[in-house]
Enquirer: 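Here it is, the structure in full.
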Amino acid sequence: MEDGPEESQLELAREQVQSLVLAVAAMGVHVRDSSEEGSEELEEVRAENDALRSSKEDWEMEREAMRQEMAMMKRLLQEVKDDQTKWLAERAALQDQCARQKQELDFAKTVLRSTLPTSPTT
């Protein structure tokens, strides 16, 4: 049997198919490697995302604790202001009472001086 044009075309077709198979196999290896790299990068992104989410949750919890502490401080400050107002009113009342008692004492001294005989001087 002689190598005719059909056989050489068949041999050429076989070589082309073999080259295509090798090329596809090489592409498959590349795609698999790329896919593994992509999976690793995806896992890294997921891990970073989880860390950020956890960090955000921690921040929100801390923020809520700070809000509660601020509310408590505002309540305490209002209590102190209320106490201060009461004390200032009580102080003013005591000062008024002291002033009245001083006037009464001064009046009593004046009355006593006018009613008691003066001691003779020798």
Side-chain angles (χ1 to χ4, degrees):
M1 293 194 196
E2 232 178 77
D3 281 345
E6 289 177 5
E7 275 199 37
S8 64
Q9 284 180 346
L10 187 58
E11 188 61 33
L12 181 62
R14 282 185 188 138
E15 288 175 7
Q16 289 176 344
V17 167
Q18 191 176 22
S19 293
L20 282 173
V21 167
L22 290 175
V24 167
M27 287 175 57
V29 168
H30 177 72
V31 167
R32 188 182 69 228
D33 290 345
S34 296
S35 176
E36 288 173 1
E37 284 179 23
S39 293
E40 290 171 6
E41 290 175 4
L42 180 61
E43 286 304 315
E44 289 175 14
V45 168
R46 283 183 179 155
E48 288 175 15
N49 191 30
D50 290 343
L52 288 172
R53 186 174 291 127
S54 175
S55 176
K56 180 183 177 204
E57 290 169 357
D58 291 346
W59 177 80
E60 287 174 347
M61 288 172 45
E62 186 175 331
R63 187 174 91 185
E64 183 57 31
M66 291 174 96
R67 280 185 182 163
Q68 290 175 0
E69 188 175 344
M70 182 67 82
M72 183 187 68
M73 288 178 163
K74 285 181 179 180
R75 283 191 303 273
L76 290 174
L77 179 61
Q78 188 59 48
E79 288 177 18
V80 168
K81 285 181 178 181
D82 293 345
D83 286 346
Q84 181 185 25
T85 301
K86 289 176 191 174
W87 294 335
L88 289 174
E90 188 176 339
R91 179 180 174 200
L94 289 172
Q95 285 175 335
D96 289 346
Q97 184 180 3
C98 284
R100 280 192 310 275
Q101 288 178 346
K102 185 176 182 326
Q103 288 174 349
E104 290 173 5
L105 182 62
D106 288 344
F107 178 73
K109 283 181 187 178
T110 304
V111 169
L112 283 176
R113 283 188 191 132
S114 67
T115 59
L116 291 178
T118 56
S119 61
T121 53
T122 49

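A quick note: this is a predicted structure, and the numbers were derived from the prediction, not measured. Along the sequence shown, the residues carry numbers beginning at 1.
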Enquirer: Quick one: do Arg46 and Glu43 satisfy side-chain contact (heavy atoms from CB on, under 4.5 Å)? Show the steps, please.
Expert: CA-CA 5 Å; Arg46 283 183 179 155; Glu43 286 304 315; 3.1 Å; yes
Enquirer: Looking at Gln18, I'd like to know if its CD atom is crowded, meaning that more than 12 non-hydrogen atoms belonging to other residues, nucleotides or ligands lie closer than 6.0 Å.
Expert: no
Enquirer: Does Asp50 offer a backbone N or O that forms a donor-acceptor pair with the side chain of Ser54 under 3.5 Å?
Expert: no
Enquirer: Could you give the distance from CE (Met70) to CG (Leu77), rounded to the nearest 0.5 Å?
Expert: 11.0 Å
Enquirer: Within a strict 4.5 Å, meaning less than it, do heavy atoms of the Arg91 and Gln95 side chains meet?
Expert: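 Touching, per the 4.5 Å side-chain cut-off.
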Enquirer: Taking atom CG of Leu42 and atom CD of Glu40, what is their separation to the nearest 0.5 Å?
Expert: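 Here the rounded value is 11.0 Å.
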Enquirer: Rounded to the nearest 0.5 Å, how far does CE of Met73 lie from CG of Leu76?
Expert: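 The CG atom of Leu76 sits 8.5 Å away from the CE atom of Met73.
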Enquirer: Mind checking the CD-CG spacing from Glu79 to Asp83? Nearest 0.5 Å is all I need.
Expert: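 If we round to the nearest 0.5 Å, Glu79:CD and Asp83:CG are 7.0 Å apart.
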Enquirer: Please examine the side chains of Arg53 and Asn49, heavy atoms only from C-beta on, and report whether any two atoms are closer than 4.5 Å.
Expert: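 Answer yes - side chains close enough.
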Enquirer: Could you tell me whether Asp106 and Lys102 make a salt bridge, using a distance below 4.0 angstrom between a side-chain N and a carboxylate O?
Expert: yes
Enquirer: Does Glu60 CD have over 12 foreign heavy atoms under 6.0 Å away?
Expert: yes
Enquirer: Contact between Gln78 and Arg75 at the side-chain level, heavy atoms closer than 4.5 Å - yes or no?
Expert: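 No - every pair of side-chain heavy atoms lies 4.5 Å or more apart.
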Enquirer: Return the CD to CD distance between Glu48 and Glu44, rounded to the nearest 0.5 Å.
Expert: 7.0 Å
Enquirer: Looking at CG of Asp96 and CZ of Arg100, how far apart are the two atoms once the value is rounded to the nearest 0.5 Å?
Expert: 6.0 Å
